[in-house]
Protein chains: 2
Amino acid sequence: MFSTTCKYGIRAVLYLAIKSTNDSKIGVDELADTLCIPKHFLAKILQVLTKNKVVSSSKGRHGGFYLKKRNKQINLMKIIEVLDGTNRLTCCILGLETCDSTHACPYHNIVQQFRNDFYQKLENETIGEAAQRIDEHDFNLKNL
Amino acid sequence: MFSTTCKYGIRAVLYLAIKSTNDSKIGVDELADTLCIPKHFLAKILQVLTKNKVVSSSKGRHGGFYLKKRNKQINLMKIIEVLDGTNRLTCCILGLETCDSTHACPYHNIVQQFRNDFYQKLENETIGEAAQRIDEHDFNLKNL
DNA sequence: CAATATTAAGATAAAAAGGTCTTAAAATAC
DNA sequence: GTATTTTAAGACCTTTTTATCTTAATATTG
Ligand code: FES
Ligand code: FES
C-alpha cells in the first residue's frame with residue numbers, strides 16, 4: 001500500500017507533530033532512534049519533506065526538525081503525494097491499466113468502498129488533527 | 001498490497017479457471033499475450049503455482065496449463081500465500097512490528113475492518129466460484 | 001571569530017523485485 | 001523412434017527500492 005519510505009515519513013511527521021515545538025526541535029538521531037528507522041535513510045526522507053514544505057528544519061545548535069503551525073494544517077495525503085505519488089493508492093489492485101467501475105476487476109467493488117473512505121480520511125484530516133487523535137487514543141507510532 | 005508477481009498470478013489463474021478445460025489447455029504464449037504479461041516471467045510464476053498444486057500442467061503437443069476440478073476448489077488466499085506469503089496482507093500499514101488492536105497505529109481501526117472483509121472473501125471464495133462470479137458480472141482481467 | 005552541532009546534498013552500495021534467455025525434460029503425434 | 005511442441009529449471013540481467021557514507025553548508029553559542 002505505502003512504500004517503506006512513505007511509512008517512515010508518515011510516522012516521523014506524526015511524531016514531530018506530537019513532540020516537537022518551535023522551541024524544541026528534534027534531531028535526526030533522536031527521531032531515528034525512537035522510531036527505529038535507519039538514520040541516514042530517514043534524513044533523506046526528511047530532506048524531501050522539508051523541500052516540499054511539509055516539515056520545517058533549522059541547522060546549527062539546538063537545530064533539528066519541527067512543524068510550524070502552517071505545517072500542521074497540511075493534510076496527510078500531501079505526505080503520500082510527496083513520497084509515493086498519488087497513483088499508488090488509486091490503481092487497480094490486480095494491476096490493470098484502468099481502475100473504474102466500468103472496467104472493474106473482480107475485486108474492484110470490494111476494494112473501492114474502503115479506498116474511498118481511507119482516501120477521505122487522508123485528505124480531510126490535517127497533520128495537527130491526526131496528532132491530536134493519536135494523543136487522545138494513545139495510538140502507536142513506535143516498534144516497541 | 002500485492003506484488004506484481006501475485007497480481008499476474010491471480011489474473012492468470014482466474015483466466016485459466018474461466019477458459020481452460022481438461023481437454024483444452026492454454027499455453028504460456030497465449031496466456032501471456034491475452035493478459036499482457038511478460039511471457040517468461042509468467043512462465044516462472046506458473047511453475048511455482050504448479051509445484052504448489054494450484055494449477056495443473058502437461059507437456060508436449062496440446063499441452064499447456066489448466067485447472068482440474070480439485071484446483072478449482074482451492075481458495076484465492078492460497079495463491080497469495082504461495083506467491084507473496086501471508087504477512088503482506090496482515091502487517092501494519094505503517095510498518096510497525098505488531099499489528100493488533102492493543103498496539104493499534106493511528107490507521108489500524110480504519111484499515112482493519114476492510115482487511116477482515118477482504119481477507120474473508122479471499123479465504124472463503126474458491127477459484128471456481130470466483131470464475132463464475134467474473135463470468136456473470138463480466139469483470140475484467142485484461143488490460144484492454 | 002572559532003568551535004560545534006546540525007541539516008543539506010548527493011554519491012555510492014546493497015538488496016529485492018521484476019524480467020529475459022537458454023537449455024533440459026517430457027509428452028505427443030506421426 | 002524421431003521430430004515437434006510444450007513446460008521445467010535455473011542462470012543471468014535490469015530496474016527499483018532501501019540503506020549508507022562522505023562532504024558541504026549553515027546556524028548557534030560563547
Ligand atoms: S479495477 Fe481493479 S481495483 Fe479497480
Ligand atoms: S497497527 Fe497499523 S494497521 Fe494495525
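Below, read A as the first sequence line, B as the second, and so on, with proteins coming before strands; counting in each chain starts at 1.
- When the options Ile134(B), Val13(B), Ile127(B) are evaluated for a side-chain contact (heavy atoms from CB on, under 4.5 Å) with Ile18(B), the one that passes is Ile134(B).
- Taking 4.0 angstrom as the limit, Thr4(B) places a side-chain polar atom (N or O) nearer than this to OP1 or OP2 of dG18(C).
- The side-chain heavy atoms of Tyr66(A) and Lys68(A), taken from C-beta on, include a pair separated by under 4.5 Å.
- Distance CD (Glu30(B)) to P (dT5(D)): 16 Å, rounded to an integer number of Å.
- Side-chain N/O atoms of His62(A) include none lying less than 4.0 angstrom from OP1 or OP2 on dA27(D).
- In this structure, Ile26(A) reaches the sugar-phosphate backbone alone: every heavy-atom distance under 4.0 Å involves primed, P, OP1 or OP2 atoms, never a base.
- Considering only the side chain of Lys59(A), dA25(D) comes nearest among dA9(D), dA25(D), dG19(C).
- OP1 and OP2 of dT28(C) both lie 4.0 Å or more from every side-chain N or O belonging to Ser58(B).
- A residue-by-residue look at Gly64(B) and Cys6(A) shows that Gly64(B) has its nearest nucleotide of DNA chain D further toward the 5' end.
- Atom C1' of nucleotide dA15(C) and atom NE2 of His40(A) are separated by 18 Å, given to the nearest angstrom.
- Whole-Å rounding puts the Leu46(B) CG to dT20(C) C1' distance at 16 Å.
- Distances were taken from every side-chain heavy atom of Lys51(A) (C-beta onward) to each of dG18(C), dT7(D), dA9(C); the shortest belongs to dA9(C).
- Ring geometry, Phe118(A) versus Phe2(A): the interplanar angle falls from 30° to 60°, so the pair is classed tilted.
- The CZ atom of Phe41(B) sits 17 Å away from the C1' atom of dA8(D) (whole-angstrom rounding).
- For the pair Thr5(B) and dG18(C), the criterion of a side-chain N or O lying under 4.0 Å from OP1 or OP2 is met.
- Evaluation of atom-type donor-acceptor distances gives a pair under 3.5 Å for the side chain of Lys44(B) against the base of dG19(C).
- Taking atom CG of Asp29(B) as the reference point, atom P of dA8(D) lies 14 Å away to the nearest angstrom.
- The distance from atom CZ of Phe65(B) to atom C1' of dT5(D) is 13 Å, rounded to the nearest whole Å.
- Rounding to whole angstrom units, CZ of residue Arg61(B) and P of dA25(C) are separated by 21 Å.
- Taking atom CG of Leu49(B) as the reference point, atom C1' of dA9(D) lies 16 Å away to the nearest angstrom.
- Contacts of Tyr66(A) with the nucleic acid, taken as non-hydrogen atoms under 4.0 Å apart, are absent.
- As judged by a 4.0 angstrom heavy-atom cut-off over every strand, Gly60(B) is placed among the base-contacting residues.
- Looking at Gln73(B) and Arg70(B), their side chains never bring a donor and an acceptor atom within 3.5 Å of each other.
- Considering only side-chain N and O atoms, Tyr8(B) lies under 4.0 angstrom from the phosphate OP1 or OP2 of dG19(C).
- A salt bridge links Arg133(B) and Glu125(B); the closest N-O separation between the charged side-chain nitrogens and carboxylate oxygens is under 4.0 Å.
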